[in-house]
Amino acid sequence: MFFFANQCIDAGYKTCAGRPASLGYETKDANTYANWTVDYLKYDNCNTDGSIPEKRYPVMRDALNASGRPIFFSMCEWGVDQPALWAMNVGNSWRTTGDIQDNWHSMISRIDIVSSYRRT
């Protein structure tokens, strides 16, 4: 049975919705999620301090790993800093593009972005 954090959590000072987020509280938050038996954490990238996600996201990864509970770490920074090139060493999954809209152009453009990372 999986228990998901029911709010988006962020690598910034506030969530995308303006609620308090994890920046500076990663260990406290990771331990709280472990105590709540959370299995999956989606970690957004809103309201940050301006530092690059390649530096901020590993802080939460390390806190989750030290929490004593295996928590799936799903990173979301919408492909801005090309997570396809670095995220495999940080999280369990990651977003490579922005949100998909309900139209053909949106779908095809996301396929084009993802296929640009394909290794031959």
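A continuous path of Ile, Leu, Val, Met, Phe, Trp and Tyr side chains, each step under 4.5 Å between heavy atoms, connects M60 with W36, placing both in one hydrophobic cluster. Hydrophobic clustering, with ILVMFWY side chains joined whenever heavy atoms are under 4.5 angstrom apart, groups M88 together with Y43.
In this structure, the side chains of P53 and W86 come closer than 4.5 Å at one or more pairs of heavy atoms. Counting heavy atoms from C-beta outward, T37 and Y33 have side chains that stay 4.5 Å or more apart. The shortest distance between side-chain heavy atoms of W94 and Y57 does not fall below 4.5 Å. Contact annotation: the side chain of Y13 approaches that of D49 to within less than 4.5 Å [non-hydrogen atoms, C-beta and beyond]. The side-chain heavy atoms of E77 and P83, taken from C-beta on, include a pair separated by under 4.5 Å. With a 4.5 Å cut-off on side-chain heavy atoms, F73 and V90 count as touching.
Checking side-chain atoms of E26 against main-chain N and O of G24 turns up a donor-acceptor pair under 3.5 Å. With hydrogens and angles disregarded, no donor-acceptor distance shorter than 3.5 Å links the side chain of R61 to the backbone of L64. With hydrogens and angles disregarded, no donor-acceptor distance shorter than 3.5 Å links the side chain of S22 to the backbone of Y25. A donor-acceptor pair under 3.5 Å is absent between the side-chain atoms of R56 and the main chain of N45, judged by distance alone. Listed for the S109 side chain is a donor-acceptor partner under 3.5 Å among the backbone atoms of H105. Although no hydrogens or angles enter the test, the distance criterion places no donor-acceptor pair under 3.5 Å between the side chain of R69 and the main chain of I71. Listed for the S106 side chain is no donor-acceptor partner under 3.5 Å among the backbone atoms of N103. No side-chain donor-acceptor contact under 3.5 Å links Q82 to the backbone of L85.
Of the N and O atoms on the side chains of Y40 and S74, at least one donor lies less than 3.5 Å from an acceptor on the other residue.
With respect to the salt-bridge test (charged N to carboxylate O, under 4.0 angstrom), the residues D10 and R19 do not qualify. In summary, K42 and D44 engage in a salt bridge, as defined by a charged side-chain N under 4.0 Å from a carboxylate O.
Its side chain within the 4.5 Å cluster rule, M107 clusters with I100 among the Ile, Leu, Val, Met, Phe, Trp and Tyr residues.
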Please test V114 against T97 for side-chain contact (heavy atoms from CB on, under 4.5 Å), starting from the C-alpha separation and ending with a verdict. CA-CA 8 Å; V114 172; T97 69; 4.1 Å; yes
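In this structure, OG in S67 is found 11.5 Å from CG in D62, a value given to the nearest 0.5 Å. Put simply, OG1 on T32 and CD1 on I9 are 10.0 Å apart, with the number rounded to the nearest 0.5 Å.
When all heavy atoms of T96 and A84 are compared, the pair lying nearest together is CG2-CB, 4.1 Å.
For residues 72-111, no pair satisfies disulfide bond (SG atoms under 2.5 Å apart), with sequence neighbours left out.
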